[in-house]
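Only heavy atoms go into these numbers, but all of them, side chains included; no hydrogens, no water, no symmetry mates. Residue numbers start from 1 in every chain, and the chains themselves are labelled A, B, ... in the order their sequence lines are given, proteins ahead of strands.
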Number of protein chains: 2
Amino acid sequence: MTRTAPFTFRLDARSGVPVYRQLIDQVQAGIASGKLASGEQIPTVRQVAVDLEINPNTVLRAYRELEIRGVLDTQQGTGTFISDRKVTQDDAEHDRQLEQLVSEFVARAGVGGFTVKELMDRLRERITEPEKRTK
Amino acid sequence: MTRTAPFTFRLDARSGVPVYRQLIDQVQAGIASGKLASGEQIPTVRQVAVDLEINPNTVLRAYRELEIRGVLDTQQGTGTFISDRKVTQDDAEHDRQLEQLVSEFVARAGVGGFTVKELMDRLRERITEPEKRTK
DNA sequence: GACGATGTATTAGTAGACTAGTACACTATT
DNA sequence: AATAGTGTACTAGTCTACTAATACATCGTC
């Protein structure tokens, strides 16, 4: 190939996942996998809207949410680009996500018959042996 | 106290978390923390509905979901109880499930930018001050 | 079997999530 | 300044998650 293929989106109508969320996930996955580099332009709001036959506002919602997270930079009249800044989430949001994660963890542990103490003991091992990964 | 205080629910109206889900989480957290033992009766659908000023069906939805998961046993006309089936696992299987749960937890925490220490600190609060709510 | 406790089914109202229609605003290029 | 690209605001429609109102079914006890 003479040049890298442009980033494109795909929709799975049967997944039940909201369109705007599918877009968000694909951008983040693209970044994580290296397909999208910092500063790179992603398809325009209108282009995506036409290709996927959806409303520009649906694309906008995805892009805006990613911009709020610091993943994208949007420039009106020009386009939308992968941000080059490192993501810095505010403390409140960080705390909220942590609380949610822990809540779900404890709940699932309860179902499995585990005690919180067991979980903590196992977690402690993770600190002393940080390189171990089972999955 | 002559006898252990009965298990009670609390609602956080500002959390944005659905009522039925708050009930589910509190039951599961109660089991994980040891406040709820196998065979123990939890407040009746009607009692909870009256206490929290919500509809019996909202409580029912929570209890039913927990019953489907095998967490609760409901007996019409009698009451709802913590299931005793979940407790009998052989040690190896128990350990394997624990490891898997912790692995997934740590992996998701890593993606979210949390440290294991943060997780443990938050978990510790669940044990020592279970009724405390920051939001 | 009557009663009072329990859980349950049916139906419907409400709020919010999600998306679209449409018109507007900004930017770069000419 | 004209134009064609870009992102954006405003409004509204639709669907569904969530909860409630109300009446019904089951169980234990007397």
Once base and sugar-phosphate atoms are separated, protein heavy atoms under 4.0 Å mark nucleotides 23-30 of chain D, 5' to 3', with B, S and - as -BBBBS--

Can you tell me which residue pairs pass the ring pair (Phe, Tyr, Trp, His ring centres under 6.0 Å) test with a partner in residues 8-47 of chain B, sequence neighbours excluded? F7(B)-F9(B)

Spacing of CG belonging to L23(A) relative to CG belonging to L66(A), to within rounding of 0.5 Å: 9.0 Å

Could you state the interatomic distance from CZ (R69(A)) to OG (S83(A)), rounded to the nearest 0.5 Å? 13.5 Å

Please report the distance, rounded to the nearest Å, between CG in D73(A) and P in dT6(D). 18 Å

I'd like to check the salt bridge (charged side-chain N to carboxylate O under 4.0 Å, His left out) partners of R21(A); sequence neighbours left out, ordered by chain and number. D25(A), E65(A)

Any idea which of dG7(D), dT19(D), dT19(C) is nearest the P18(B) side chain? dT19(D)

Apply side-chain contact (heavy atoms from CB on, under 4.5 Å) to I31(B) and V71(B), showing your working. CA-CA 9 Å; I31(B) 295 174; V71(B) 178; 3.4 Å; yes

From CZ (R10(B)) to CG (L52(B)), nearest 0.5 Å: 11.0 Å

So, is T80(B) close to the dG7(C) phosphate, meaning a side-chain N or O under 4.0 Å from OP1 or OP2? yes

By the 4.0 Å heavy-atom rule, please label Y63(A) as base, sugar-phosphate, or nothing. nothing

In whole angstroms, how far is the P atom of dT19(C) from the CD1 atom of I24(A)? 10 Å

Less than 4.0 angstrom between a side-chain N/O of T74(A) and OP1 or OP2 of dT8(D), yes or no? yes

NA contact type, R61(B), heavy-atom cut-off 4.0 Å: base, sugar-phosphate, or nothing? base

Take the protein atom CD of Q22(A) and the nucleotide atom P of dC18(C), then report the distance between them rounded to whole Å. 12 Å

L60(A) CG to dA20(C) P, straight-line distance once rounded to whole Å: 13 Å

Straight-line distance of I42(B) CD1 to L72(B) CG, nearest 0.5 Å: 4.5 Å

Separation of E67(B) atom CD from dG7(C) atom C1', in whole Å? 10 Å

How close or far is atom P of dA20(C) from atom CG of L23(A), stated in whole angstroms? 11 Å

Return the value, rounded to whole Å, for the distance between atom CZ of R64(B) and atom P of dG7(C). 12 Å

Spacing between E53(A) atom CD and dG21(C) atom P, to the nearest angstrom: 11 Å

Is there a donor on the side chain of N57(A) or the base of dT11(D) sitting less than 3.5 Å from an acceptor on the other? no

Start at the 5' end of DNA chain D and walk down; is the nucleotide closest to V17(B) or to N55(A) reached first? N55(A)

